[in-house]
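As structure tokens, the structure follows; a few thoughts come after it.
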Amino acid sequence: MIEIPSTAVSTWGGAAVFLNVLLTRLGVPIPAVPMLLFAGTAIAAGHLSFWPILCAAVLGALIGDGVWFSAGRIYGRGLIAALVRFAPAVDVKLAKARSLFERFGVPLVSISKFVPGLAFITPPLMGTTVVDARIYALWDLAGAAAWATFWLLGGAAAEQQLH
């Protein structure tokens, strides 16, 4: 796993957050949550502003998810099958995502970022459905904003403990 030093957040700010979240959402094994927590501590310390960092995180998530949604739309179930062959653990998450989608519908997109593994498989799975891309994008925006806000505020609240 790739490690990113916490000082990168204060030095590079929104660019570091954007790149980290984008790469994470594209499937690179870089954890985004620690970056958001460190950004939250930098916000609480007055080194960064909340809104630009939130926008950077949300934009990175939307672009990464959009790439996977588009790939699912273009390549269909063949992409899902390739993901299952590439990472066998995805098969379990895929079955769970399908059953949750059948039960809850498109709003699943907004909560999937909070569930490890489900966040990765949901965008391409949604791309294979008849869900309108605009509806998907709205739910993805809501989920990305909630997810990033949660972790940024968590980092700000735990500033003393994380430093």
Side-chain angles (χ1 to χ4, degrees), residues 1-72 79-80 82-84 86-90 92-94 96-97 100-101 106-127 133 136-163:
M1 188 175 307
I2 301 168
E3 289 187 30
I4 297 175
S6 61
T7 56
V9 177
S10 294
T11 305
W12 298 100
V17 170
F18 170 79
L19 186 61
N20 178 260
V21 172
L22 174 64
L23 291 175
T24 299
R25 298 304 307 138
L26 289 174
V28 177
I30 303 172
V33 170
M35 177 67 79
L36 294 174
L37 289 172
F38 288 134
T41 63
I43 290 167
H47 300 296
L48 296 173
S49 297
F50 176 77
W51 293 107
I53 299 301
L54 177 65
C55 289
V58 170
L59 185 61
L62 290 176
I63 292 172
D65 290 348
V67 167
W68 280 111
F69 179 84
S70 298
L79 174 66
I80 302 295
L83 288 173
V84 169
F86 178 69
V90 170
V92 174
K93 299 295 182 190
L94 178 62
K96 183 173 191 144
L100 287 172
F101 178 66
V106 182
L108 169 69
V109 172
S110 65
I111 60 168
S112 69
K113 286 178 186 33
F114 292 96
V115 182
L118 192 59
F120 179 71
I121 196 64
T122 300
L125 179 62
M126 291 293 129
Y136 168 80
L138 287 174
W139 281 107
D140 196 35
L141 173 63
W147 173 78
T149 300
F150 177 82
W151 291 112
L152 288 172
L153 293 178
E159 178 203 3
Q160 296 299 320
Q161 292 81 5
L162 291 174
H163 275 294

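Residue numbers start at 1 and run along the sequence shown. Being a predicted model, the structure only gives us computed values, none of them experimental.
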**Non-neighbouring partners of Tyr136 that pass ring-ring contact (aromatic ring centres under 6.0 Å, His included), sequence neighbours left out** =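 With neighbours one apart ignored, the set is Phe69.
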**Message:** Restricting to ring-ring contact (aromatic ring centres under 6.0 Å, His included), what partner residues turn up for Trp139, sequence neighbours left out?
**Reply:**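 With sequence neighbours excluded, Trp139 shows a ring-ring contact (aromatic ring centres under 6.0 Å, His included) to no residue whatsoever.
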Which heavy atom in [X] sits nearest to a heavy atom in [Y], and how many Å separate them?
{"X": "Ala148", "Y": "Leu36", "value": "CA-CD1, 4.2 Å"}
{"X": "Ala32", "Y": "Asn20", "value": "CA-OD1, 3.0 Å"}
{"X": "Leu152", "Y": "Ala39", "value": "CD2-CB, 3.7 Å"}
{"X": "Ile80", "Y": "Leu125", "value": "CD1-N, 3.8 Å"}

**Message:** Which residue in the set Ile30, Thr24, Leu22 passes side chain to side chain contact (heavy atoms under 4.5 Å, CB included) when paired with Leu26?
**Reply:**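 Considering Ile30, Thr24, Leu22, a side chain to side chain contact (heavy atoms under 4.5 Å, CB included) with Leu26 is found only for Leu22.
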Do [X] and [Y] come within less than 4.5 Å of each other through their side chains, counting heavy atoms only?
{"X": "Leu108", "Y": "Leu118", "result": "yes"}
{"X": "Leu19", "Y": "Leu23", "result": "yes"}
{"X": "Phe101", "Y": "Val109", "result": "no"}
{"X": "Val21", "Y": "Trp147", "result": "yes"}
{"X": "Thr122", "Y": "Trp68", "result": "no"}
{"X": "Leu83", "Y": "Pro124", "result": "yes"}

Rounded distance (nearest 0.5 Å) linking atom [atom1] of [X] with atom [atom2] of [Y]:
{"X": "Ile43", "Y": "Leu48", "atom1": "CD1", "atom2": "CG", "answer": "6.0 Å"}
{"X": "Trp151", "Y": "Phe114", "atom1": "CH2", "atom2": "CZ", "answer": "8.5 Å"}
{"X": "Ile53", "Y": "His47", "atom1": "CD1", "atom2": "NE2", "answer": "12.5 Å"}
{"X": "Leu54", "Y": "Ser49", "atom1": "CG", "atom2": "OG", "answer": "12.0 Å"}

Using atom types as modelled, flag every donor-acceptor pair under 3.5 Å from a side chain in residues 55-67 to any protein atom, sequence neighbours excluded.
from: Asp65; atom 1: OD1; to: Arg25; atom 2: NE; distance (Å): 2.7
from: Asp65; atom 1: OD1; to: Arg25; atom 2: NH2; distance (Å): 2.6
from: Asp65; atom 1: OD2; to: Lys113; atom 2: NZ; distance (Å): 2.7

